[in-house]
J.: 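Sharing a structure, written as structure tokens. Questions coming.
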Number of protein chains: 2
Amino acid sequence: VGARSCKRFSCKAIATAEKGIGAELYVDAAPGSLLRPGVDSGNSIKAKFEKVIRDAQDSICKSIEDIDGTKFRQDAWTRADGGGGITRVMQDGNVWEKAGVNVSVVYGTMPPEAYRAARGATSAPGSAKDASAGRVPFFAAGISSVMHPKNPFAPTMHFNYRYFETDEWNGLPGQWWFGGGTDITPSYLDEEDMKHFHGAYKKVCDRHDPSYHPRFKQWCDDYFLIQHRGERRGLGGIFFDDLNDKDPETILKFSTDCVNNVVEAYCPLVVKHKDDIFTPENKQWQQLRRGRYVEFNLVYDRGTTFGLKTGGRIESILMSLPLTASWMYDMQPQPGSPEFELLDCCKNPRTWV
Amino acid sequence: VGARSCKRFSCKAIATAEKGIGAELYVDAAPGSLLRPGVDSGNSIKAKFEKVIRDAQDSICKSIEDIDGTKFRQDAWTRADGGGGITRVMQDGNVWEKAGVNVSVVYGTMPPEAYRAARGATSAPGSAKDASAGRVPFFAAGISSVMHPKNPFAPTMHFNYRYFETDEWNGLPGQWWFGGGTDITPSYLDEEDMKHFHGAYKKVCDRHDPSYHPRFKQWCDDYFLIQHRGERRGLGGIFFDDLNDKDPETILKFSTDCVNNVVEAYCPLVVKHKDDIFTPENKQWQQLRRGRYVEFNLVYDRGTTFGLKTGGRIESILMSLPLTASWMYDMQPQPGSPEFELLDCCKNPRTWV
């Protein structure tokens, strides 16, 4: 897991910081299930979601390996009281300089204030403000991924899908919600690519609810803003959180559809551009955009910053950072240049489909 | 200025965020003084400190240019109601990949809560807790600098010296204090270098107060901690803040002595190592340590994070970031290797002199 698997909370970080859950035990092979044996029903949303994200990890990694010709390295661990994680990383491959796909399943208890933060002020119980009210039992499972290709014309891509549950607590019924998104970060604009990528997710959204795509596209543009620069880290996609306004099976189907379309939405763009000819200037611009990626993740990304400050597994959290990045003083692209055009799209999000 | 010129506050950021001070006016040549003509006495600590930091900027840049063979680029600006800044940056030189030396003088007013934060809880007036009590007029001047050499055996160095004043406010007398420090960030340990650098600052400190060096060395080791990694960004130096326990002329002399010894403490190390032979592995390790530098500055450095979130001049604030940096997944140096030794010094600070 990384902190990225829960934007509002780093599941791993909570588990570690809370110390309610034991230390990681590194294992040679990931177990068949990370759920609590004999506790979580095989027919529960938890079990179904775990299967979705583990299958997705396998199939997405397979697709990436086929394109790259390099295998992922795997680090797997479990915890004595249930849960665990599987981190897969490819570094310095043929096509990608760094690609990671993490899966995690975490159990624990969180303090009421964390619960309130997770559920938002409006949905939080106001009646139990002190820690003496006890801790809220939670379950969190997620898949998260960042892929940084080498070729400056091939875009970086991030996705993250997660499911959160709390048990009945202090007389309040248990809560559940889904969150996630897939977003694209090119260094150069290729309008056809953007039509393909955003079109793929519009199709997925529209299959489930016609209101989803406009809402989740906007949410994505709002979330990935590097506020101090007034520009987004990339060209968006979809992003949603706290989704629980339909029955869980229905939203599970939507989340499943989203994660199962990562390859189709993203990989054709990389295959198209992985062998593009580029200049040192193109590479330098990519490095500067990578620097912006670092700025967003370290300064603003809620999962990353929360995870870093509460003791998450650093290597999993910071797997999202690029192998290489650069910062130049006061670098302003020439108006009319391809670099200027990309920056303009980051400052003024467009409608691609 | 960068935010780095005041650890507790980005002077520029306050000025911009508060909007009490007009927009920057870029000027071809820096004016003789950034003080308010006819308001600030030429004999005041403000005027003396401005002269100290502007002379230091000139002499330090001259020394760096002589070693590098490249000239600094200068951006200067003033504000209609007084104050301004001079940013000097060298990028992709012969010896340094990025070196910046910023000077700034800022006037403005800050809200009482910022004043309390700046002075610390203990020294803050508790009687005026609401904004209606009015804003506190302040003056801040500082010099800040980061230098990243190309050769992985030549260390990065940062220094920052600042002077802060508030006017009489709400019946409370005006306050003043000095802050600053110089610290070193090598990628490889050279004990002789550390003895030279720390020895130089021990000598400076001991000339003024025998209690300074042990206190300010410890303060530096404490401040530059990358908490989520349990390691410091580098090998320390000195750091102090809120210094006002002697008369201002006496502390001005100490600050002056500190800034005037940057070249002697640092430059011999770069001259010694700038042409060292190195392998691609040495360069890669330097890039990873640069990544740690980025992590500290974006996640923990108070001036940087405050500046980014309150609208400071981004290019001045982020001038401190390296031209190039890298993140690798789970990179653990071999025990006994030079990389392992450096990391050990970052985790367990040593006494060098």
Side-chain angles (χ1 to χ4, degrees), chain A residues 2-3 10 13 16 72-73 75 87-92 97-100 102 146 148 226-231 284 287-288 290-300 304-332, chain B residues 2-3 10 13 16 72-73 75 87-92 97-100 102 146 148 226-231 284 287-288 290-300 304-332:
Chain A
S10 159
T16 309
F72 279 85
R73 157 186 169 179
D75 288 330
T87 294
R88 289 196 191 147
V89 178
M90 177 192 290
Q91 202 161 268
D92 202 16
E97 67 165 43
K98 204 166 164 193
N102 293 345
V146 179
H148 296 289
I226 304 169
Q227 288 170 31
H228 59 265
R229 296 201 184 262
E231 65 186 54
Q284 177 57 34
Q287 297 301 293
L288 290 172
R290 296 264 158 91
R292 299 293 205 269
Y293 209 89
V294 171
E295 286 179 32
F296 178 82
N297 286 22
L298 291 182
V299 179
Y300 299 105
T304 303
T305 55
F306 185 88
L308 292 183
K309 288 177 180 182
T310 52
R313 182 174 183 252
I314 298 307
E315 291 302 330
S316 294
I317 296 170
L318 296 185
M319 177 207 77
S320 65
L321 300 183
L323 192 62
T324 55
S326 177
W327 284 267
M328 290 171 75
Y329 175 74
D330 205 19
M331 195 291 194
Q332 309 285 357
Chain B
S10 159
T16 309
F72 279 85
R73 158 185 168 179
D75 288 329
T87 295
R88 289 197 192 146
V89 177
M90 177 193 291
Q91 200 161 266
D92 202 15
E97 68 166 41
K98 204 165 164 194
N102 292 344
V146 179
H148 296 288
I226 304 169
Q227 288 170 31
H228 59 264
R229 297 203 183 261
E231 64 187 53
Q284 177 56 35
Q287 296 301 293
L288 291 172
R290 295 265 157 92
R292 300 292 205 270
Y293 209 88
V294 172
E295 286 179 32
F296 178 82
N297 286 21
L298 291 182
V299 179
Y300 299 105
T304 303
T305 54
F306 185 89
L308 292 182
K309 289 177 181 182
T310 51
R313 183 177 182 251
I314 298 305
E315 291 302 329
S316 294
I317 297 170
L318 297 185
M319 177 205 78
S320 64
L321 300 183
L323 191 62
T324 54
S326 177
W327 284 266
M328 289 172 76
Y329 175 73
D330 206 19
M331 196 288 193
Q332 310 286 357

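Computed from heavy atoms alone, side chains included, the values below leave out hydrogens, waters and symmetry copies. So that the names make sense, note that chain A is the first sequence line, chain B the second, and so on, each numbered from 1.
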J.: Pick one of side chain, backbone, both or neither for V299(B), based on which atoms fall under 4.5 Å of a heavy atom in chain A.
T.: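 Contact with chain A: backbone and side chain both.
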J.: Is the shortest side-chain heavy-atom distance between V294(A) and L298(B) below 4.5 Å?
T.: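 Touching, per the 4.5 Å side-chain cut-off.
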J.: Indicate the atoms forming the closest heavy-atom contact of P322(B) with R290(B), along with that distance.
T.: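 In this case the closest contact between P322(B) and R290(B) is CB-CD, 3.3 Å.
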J.: With sequence neighbours excluded, what pairs up with Y300(B) under the ring-ring contact (aromatic ring centres under 6.0 Å, His included) test?
T.: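 For Y300(B) the ring-ring contact (aromatic ring centres under 6.0 Å, His included) partners, ignoring immediate neighbours, are H228(B).
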J.: Please state whether the side chain, the backbone, both or neither of D92(B) comes within less than 4.5 Å of a heavy atom of chain A.
T.: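 Neither part.
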J.: Just so I understand: if I count every heavy-atom pair under 4.5 Å between each of E97(B), K98(B), Q287(B), M331(B) and chain A, which residue has the most?
T.: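 Looking at each of E97(B), K98(B), Q287(B), M331(B) in turn, K98(B) comes out on top.
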J.: Measure distances from Q91(B) to the heavy atoms of chain A and classify the residue's part below 4.5 Å as side chain, backbone, both or neither.
T.: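 Only the side chain of Q91(B) comes within 4.5 Å of chain A.
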J.: Who are the side chain to side chain donor-acceptor pair (under 3.5 Å) partners of D330(A), not counting sequence neighbours?
T.: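 With neighbours one apart ignored, the set is Q332(A), R73(B).
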J.: I'd like to know if the side chain of T87(B) and the backbone of N102(B) have a donor-acceptor N/O pair within less than 3.5 Å.
T.: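 Checked: no pair found.
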J.: Could you look at E295(A) and say if it's the side chain, the backbone, both or neither that has a heavy atom under 4.5 Å from chain B?
T.: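 Both parts, backbone and side chain.
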